[in-house]
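Just so you know, these numbers use all the heavy atoms, side chains as well, and skip hydrogens, waters and symmetry mates. The sequence lines fix the lettering, A, B, ..., with proteins before strands; numbering per chain opens at 1.
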Amino acid sequence: MTEPTLADWKQMYGALWRIRLFEGHVQRLAAAGEIPGFPHLSTGQEAVAVGVCTQLEREDVLFTSHRGHGHVLAKGSDMQATFAEILGRQTGLCGGRGGSMHLVDAANGVLGATGVVAGNLALAAGAAWAAQAQGKKNISVVFFGDGATGAGAFHETLNLAALWRLPVLFVCENNGVAEFTSREEHSNVKYVSSFAAPYDIATKTIDGNDLPTVWAAAHEAIEAVRHGAGPYLLECMTFRMAGHYVGDSQQYRSKEELAEIREKCPIERLKRVLVARGVEAEELDAIAELSKNDVQQAVERARAAPRPDPTTVMDYVYRAPTLAAIPG
Amino acid sequence: MTEPTLADWKQMYGALWRIRLFEGHVQRLAAAGEIPGFPHLSTGQEAVAVGVCTQLEREDVLFTSHRGHGHVLAKGSDMQATFAEILGRQTGLCGGRGGSMHLVDAANGVLGATGVVAGNLALAAGAAWAAQAQGKKNISVVFFGDGATGAGAFHETLNLAALWRLPVLFVCENNGVAEFTSREEHSNVKYVSSFAAPYDIATKTIDGNDLPTVWAAAHEAIEAVRHGAGPYLLECMTFRMAGHYVGDSQQYRSKEELAEIREKCPIERLKRVLVARGVEAEELDAIAELSKNDVQQAVERARAAPRPDPTTVMDYVYRAPTLAAIPG
Amino acid sequence: MQYTFIEILRRALDEELARDPAVHLLGEDVAAGGAFGVTKGLAQKHGTARVRNTPISEAAITGLATGAALCGLKPVLEIMFMDFATLSMDCLVNQTAKYRYMSGGQLAVPLVVRTQAGAAGGAAAQHSQSLEAWFIHVPGLIVVAPSTPAEAYGLLKSSIRLGEPVLFIEHKRLYTMKEELPEDAELPPIGRARIARPGTDVTLIAYSAMVHTALEAAQVLADAGISAEVIDLRTLLPLDMPTIAASVAKTHRALVAHEAVRNGGLGAEIAARIGSELFDELDGPVQRVGCPFAPIPFAPELERALLPGSADIVRAVREELRR
Amino acid sequence: MQYTFIEILRRALDEELARDPAVHLLGEDVAAGGAFGVTKGLAQKHGTARVRNTPISEAAITGLATGAALCGLKPVLEIMFMDFATLSMDCLVNQTAKYRYMSGGQLAVPLVVRTQAGAAGGAAAQHSQSLEAWFIHVPGLIVVAPSTPAEAYGLLKSSIRLGEPVLFIEHKRLYTMKEELPEDAELPPIGRARIARPGTDVTLIAYSAMVHTALEAAQVLADAGISAEVIDLRTLLPLDMPTIAASVAKTHRALVAHEAVRNGGLGAEIAARIGSELFDELDGPVQRVGCPFAPIPFAPELERALLPGSADIVRAVREELRR
Ligand SMILES: Cc1ncc(C[n+]2csc(CCOP(=O)(O)OP(=O)(O)O)c2C)c(N)n1
Ligand SMILES: Cc1ncc(C[n+]2csc(CCOP(=O)(O)OP(=O)(O)O)c2C)c(N)n1
Ligand SMILES: [Mg+2]
Ligand SMILES: [Mg+2]
């Protein structure tokens with residue numbers, strides 16, 4: 001795909017809305033106690049998910065973090081099955097075993113989210129190694145936050161990926177915060193891209209709230225990785241609009257700060273861009289409205305889905321039946 | 001201490017020899033089966049130990065790696081007690097509990113060697129934190145090899161040390177090899193000092209086989225760390241003359257390579273420097289001879305020392321008696 | 001006065017910080033109050049030099065705390081979820097636990113690692129584990145797991161003053177539990193269990209949140225005329241065998257219950273010890289109640305189906321008595 | 001033909017590399033032959049693309065191997081010393097072991113992690129540990145620990161073909177042991193123990209190097225007229241209880257022996273199971289022989305004093321029979 005057409009941008013505008021609204025329902029239902037655990041929302045960071053994932057082939061494999069709803073949806077996983085998983089239903093992507101932090105949709109190349117900060121970086125490199133070893137053309141992409149750069153696994157993986165010249169794209173969503181503490185309290189290193197330098201890993205730090213910027217940078221990065229240039233580290237500067245998890249009151253952030261962040265909303269920004277390019281605001285609102293209905297329907301169907309059968313709780317620990325008879 | 005006098009250099013020349021000869025006995029006795037385990041020799045890397053450690057105060061704390069004999073001796077630990085520990089005797093630094101890879105001489109500020117690659121980096125930072133928190137003037141120094149930079153703990157520790165501005169000196173002995181594989185197979189990053197850049201940690205890469213160079217660089221680094229400039233990463237390029245451990249036949253290295261390395265012997269180099277500065281070769285040989293006798297005596301006394309009493313094997317697991325009655 | 005588990009931990013930390021300048025807290029977001037609010041306000045009161053946020057670097061902060069403990073500090077490190085203690089294992093096991101021994105007694109590591117474990121409503125496979133069994137297998141460590149706020153208060157203080165590396169395990173399900181703190185109660189010794197409920201027919205051995213499950217079961221059994229004695233281990237390493245032995249010598253029947261996976265869990269060690277040290281006292285096999293051999297699933301129905309509850313204990317005791 | 005343990009592992013790896021293009025080896029220095037020479041020559045024969053050296057990055061290479069296993073490779077990862085598996089724990093426990101379950105069966109991790117454990121003459125506290133007990137507590141993993149070259153050959157091949165994450169534990173003391181390899185012997189199934197020596201009076205349960213210690217003890221006992229049956233577990237997870245039960249039902253007395261620390265060791269689980277599943281069969285308590293609760297000291301005299309030997313087994317059996 002070359003430079004997106006206006007039609008493509010409108011598509012992506014809808015994709016942004018679907019993630020925003022999807023997570024709006026997650027927030028609402030988590031607050032209402034209908035969603036177990038403590039889901040993490042990507043609200044405010046949707047442009048990264050859409051700008052990167054909509055350019056991936058189905059065969060490309062995706063790994064993400066605890067904040068991965070958007071990436072999974074943007075890669076094309078079914079909204080209903082994804083929401084059902086977040087609700088813990090039998091029809092969920094993982095039959096309700098995984099939940100918000102462990103979304104897997106293998107058929108769509110989504111090899112998994114993880115609750116371990118930096119936990120998926122090496123796995124993504126391994127998936128890239130498998131592609132390389134089998135002469136496959138797919139690439140591996142992994143999303144992670146700025147806080148993950150404090151973890152040794154991040155650095156070990158950069159070294160390995162560069163050394164083995166693996167087809168892996170590291171996408172850091174640098175939202176300047178980790179849980180309740182700001183980037184400054186985690187490191188003197190402001191930009192995550194600085195860590196790529198010693199390894200000569202190609203890297204770029206961009207405005208992650210501007211979809212066209214993300215799309216262009218991701219396009220370049222994906223092309224490079226796909227054509228054997230080795231790993232690429234794309235750092236997207238963005239902002240977490242919501243709390244760390246649903247229920248986080250964010251007392252550690254000032255009203256002003258939160259207001260400023262809302263000003264930077266990637267959806268509003270794309271709208272301004274498209275309107276400037278002659279698209280009718282009404283048309284865009286109609287797209288948003290359409291997304292709203294899609295999401296609404298998916299969510300309702302997911303909520304109507306059956307709950308897992310408790311008698312199946314021991315399934316999938318091992319490949320049945322060979323090792324089904326495990327002690328415990 | 002300012003610029004060393006000729007007398008100081010002669011002292012250091014003797015110190016180099018003591019380490020070289022001390023480890024010569026380790027090699028001999030390990031080969032003869034008198035030393036348990038698989039000791040790692042620092043032969044060829046002595047200039048780093050002497051150039052750095054002879055400038056440390058007794059209060060300064062030292063941590064080292066599996067290749068730490070030289071550092072411990074250069075810091076001033078008793079040769080006999082050190083050798084006795086390597087032999088596993090009751091009179092050894094650790095009463096024979098630790099051995100070559102776990103030398104500890106707390107009274108002399110030697111807080112420990114470790115058998116875990118990169119295992120002591122964070123501990124050294126912690127010791128530096130303790131000094132900082134207690135308003136003490138001592139610094140913390142940790143030696144490690146180039147292979148340790150593949151470990152995440154190295155990067156996690158650099159980040160913490162920079163962030164907390166800790167008085168810790170990281171000394172990397174980059175001998176271009178880890179066990180049987182060369183630096184190139186471990187990383188695309190040739191110089192370990194490159195890893196300091198993202199954190200703005202002061203760093204320098206020097207010729208680790210030239211004692212005057214090491215002394216000057218260490219002097220500058222120690223002063224900076226001691227006076228609150230934060231962490232410093234000193235990379236000493238050097239060469240492992242012996243095998244990875246005693247018994248390693250080094251088939252992975254060519255005769256030529258080994259010959260070249262012998263050419264670079266730091267002791268020979270210092271001798272040439274001192275002779276050029278007018279010192280009589282005979283005088284230097286006499287110093288070497290003296291060291292030989294010192295070492296010989298220490299080794300013989302250590303060999304004559306009693307072996308640990310088997311009935312004391314359960315001592316020191318916990319503070320006795322409080323928790324002496326532990327199960328098992 | 002009444003305290004929640006979280007409030008009492010905060011009070012204990014606050015008092016120890018005030019009492020001993022060597023005590024320092026560190027961990028991810030601890031200066032910001034911590035993920036569960038345990039350390040809320042302590043940075044403001046004692047300064048961010050003594051209550052420090054760290055990067056997300058479990059390996060390095062464990063090493064940092066260990067090195068500091070070697071040099072005069074008494075760090076209290078928070079590992080936010082026990083599941084992530086997996087990242088501290090190298091240092092804890094290879095360095096922290098062995099330092100005193102490897103150095104021939106020259107050095108000690110007065111360190112407390114506070115962590116939070118257990119399942120509670122959808123935290124799923126990577127945020128719900130109970131891994132204490134790993135640590136009782138490591139010579140040099142001390143493992144403590146309190147069951148109530150008042151117990152936690154004293155045990156945390158005793159742990160901080162002990163002078164050994166202590167793994168202090170808090171259960172997320174207990175955090176909101178409220179309890180009266182008896183003033184001027186003296187600090188419980190490390191290594192001693194307590195009788196949470198006296199009884200004569202069967203001994204129920206538990207720790208952490210499972211103590212309450214055992215007490216529930218004991219009540220159900222009592223209503224059926226079966227008198228169960230409930231032992232709260234408090235310290236998992238070292239194990240207080242004398243207290244266990246005294247009870248079993250009286251009841252002749254024992255059951256060990258924990259939330260951790262049954263296979264290879266702490267219950268195995270306790271059952272094995274009772275089985276050998278009290279062989280002739282036993283009227284029946286030592287029962288073990290624990291989590292079946294699967295990761296913790298996300299869906300509430302599945303989680304509930306997997307986690308052991310008081311009904312499992314009651315059923316096991318009835319089986320035992322039917323013999 | 002006779003093979004040492006090292007040679008037979010090499011042959012098994014060589015054959016599996018030749019048999020299945022998905023099989024890849026990786027680890028520190030493995031292309032250079034590995035620290036113990038197990039993989040010597042394999043890189044030359046199968047290429048450095050399939051036999052790869054890695055940096056000293058236990059955490060990342062475990063994750064790398066896991067990710068590759070999710071995508072069609074069958075990696076065989078070498079962790080040079082089991083002591084350093086501590087650095088792989090997060091990935092192994094939180095990701096590798098749970099992948100199949102968390103994904104609801106969508107994905108599997110056909111990975112073998114070879115590692116080398118145990119004490120052998122002065123390797124000291126950080127290079128001598130036996131930590132298998134941690135792993136049998138982790139749902140999703142398989143744990144294998146062969147006792148002889150011929151067993152290792154078949155078990156390693158079976159492990160590589162199993163399609164589950166397998167921790168394959170080799171004992172450094174066994175590496176030089178020589179044994180005839182029966183040609184066209186079929187591959188032993190994972191999960192099945194074997195009778196290493198038949199007997200009638202007492203069942204000695206062991207694995208890895210300790211099997212030989214148990215056989216020594218059995219010989220000493222035989223000379224004293226006591227017939228000991230020796231079970232070689234081979235697979236530690238899952239445990240082959242049917243074989244153990246059949247033996248104990250016959251001998252009515254059991255002893256579990258391992259080099260690992262006794263407290264919280266595998267022996268606890270086995271003793272607990274025998275104690276409950278075979279309560280009425282037992283004529284005496286299940287004895288446990290293992291390492292006392294201390295790190296492995298460096299000095300040979302101390303190491304010898306600490307490590308359990310055949311004399312400890314013989315003494316325990318005699319005590320048992322004296323009852
Ligand atoms: C290894 C590990 N340590 C701690 C945590 C707890 N935790 C969950 S998210 C998080 C912050 C992550 O920050 P960042 O990587 O920037 O991602 P963000 O939440 O900002 O998207 C922490 C500390 C964890 N999940 N894993
Ligand atoms: C965590 C860990 N992994 C592997 C090993 C095995 N090992 C011992 S030394 C060594 C190489 C270390 O190389 P380097 O850090 O460059 O130090 P050098 O031996 O060159 O002095 C390895 C891999 C270990 N001791 N610790
Ligand atoms: Mg962030
Ligand atoms: Mg090196």
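- Contact count against chain C (heavy-atom pairs under 4.5 Å) is highest for A:E179 among A:E185, A:E179, A:H244, A:E85.
- Ionic pairing of A:K190 and A:E184 is not present here: no N-O contact between side-chain nitrogen and carboxylate oxygen is shorter than 4.0 angstrom.
- A:F195 and A:F170 have their aromatic ring centers separated by at least 6.0 angstrom.
- Summarising the geometry of A:T181 relative to A:H186, their closest heavy-atom pair is OG1-NE2, 2.6 Å, with the distance given to 0.1 Å.
- Closest approach of A:R240 and A:R253 over heavy atoms only: O-NH1, 2.9 Å.
- Options C:G122, C:A124, C:S128, C:G264 differ in how many heavy-atom pairs under 4.5 Å they form with chain A, and the most are formed by C:G122.
- In this structure, chain C has a heavy atom under 4.5 Å from the backbone of A:D309, while its side chain stays farther away.
- Residue C:T54 touches chain A through its backbone alone, counting heavy-atom pairs closer than 4.5 Å.
- Only the side chain of A:V317 comes within contact range of chain C, with at least one heavy atom under 4.5 Å from a heavy atom of that chain.
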Show your working on side-chain hydrogen bond (donor to acceptor under 3.5 Å, both in side chains) between C:T4 and C:R10 and close with a plain yes or no.
CA-CA 10 Å; C:T4 64; C:R10 188 184 305 138; over 6 Å; no

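- Within the 4.5 angstrom heavy-atom criterion, only side-chain atoms of A:V117, from C-beta onward, approach chain C.
- Among the candidates A:A148, A:P308, A:S187, A:A151, the residue making the largest number of heavy-atom pairs closer than 4.5 Å to chain C is A:P308.
- Contact check on C:R315 versus C:D312 returns a salt bridge, with a Lys/Arg side-chain nitrogen under 4.0 Å from an Asp/Glu carboxylate oxygen.
- Taking both residues in full, the closest heavy atoms of C:Y175 and C:L9 are given as CE2-CD1, 3.8 Å, listed atom of the first, atom of the second, then distance.
- Contacts with chain C (heavy atom to heavy atom, under 4.5 Å) involve these residues of residues 86-104 of chain A, listed by number: A:I86, A:L87, A:G88, A:G95, A:G96, A:R97, A:G98, A:G99, A:S100, A:M101, A:H102.
- In this structure, C:R318 places its CZ atom where only 12 or fewer heavy-atom neighbours from other residues, nucleotides or ligands lie under 6.0 Å away.
- Proximity to chain A is absent for every atom of C:A120, based on heavy atoms less than 4.5 angstrom apart.
- Between C:A316 and C:V289 the shortest heavy-atom distance is CB-CG2, 4.2 Å.
- The contact between C:A123 and chain A is made by backbone and side chain atoms together, counting heavy-atom distances below 4.5 Å.
- Among the candidates C:G121, C:G33, C:A31, the residue making the largest number of heavy-atom pairs closer than 4.5 Å to chain A is C:G121.
- Between C:E170 and C:R114 there is a salt bridge, since a side-chain N of the basic residue sits under 4.0 Å from a carboxylate O of the acidic one.
- For the residue pair A:N175 and A:T238, no side-chain donor N or O sits within less than 3.5 Å of a side-chain acceptor on the partner.
- Looking at A:Y252, there are no atoms closer than 4.5 Å to chain C (heavy atoms on both sides), in backbone or side chain.
- Neither the backbone nor the side chain of A:T149 comes within contact range of chain C; no heavy atoms are under 4.5 Å apart.
- With a threshold of 4.5 angstrom between heavy atoms, A:Y316 does not approach chain C through any atom at all.
- A salt bridge links C:E259 with C:R173: the distance from a Lys NZ or Arg NE/NH1/NH2 to an Asp or Glu carboxylate oxygen falls below 4.0 Å.
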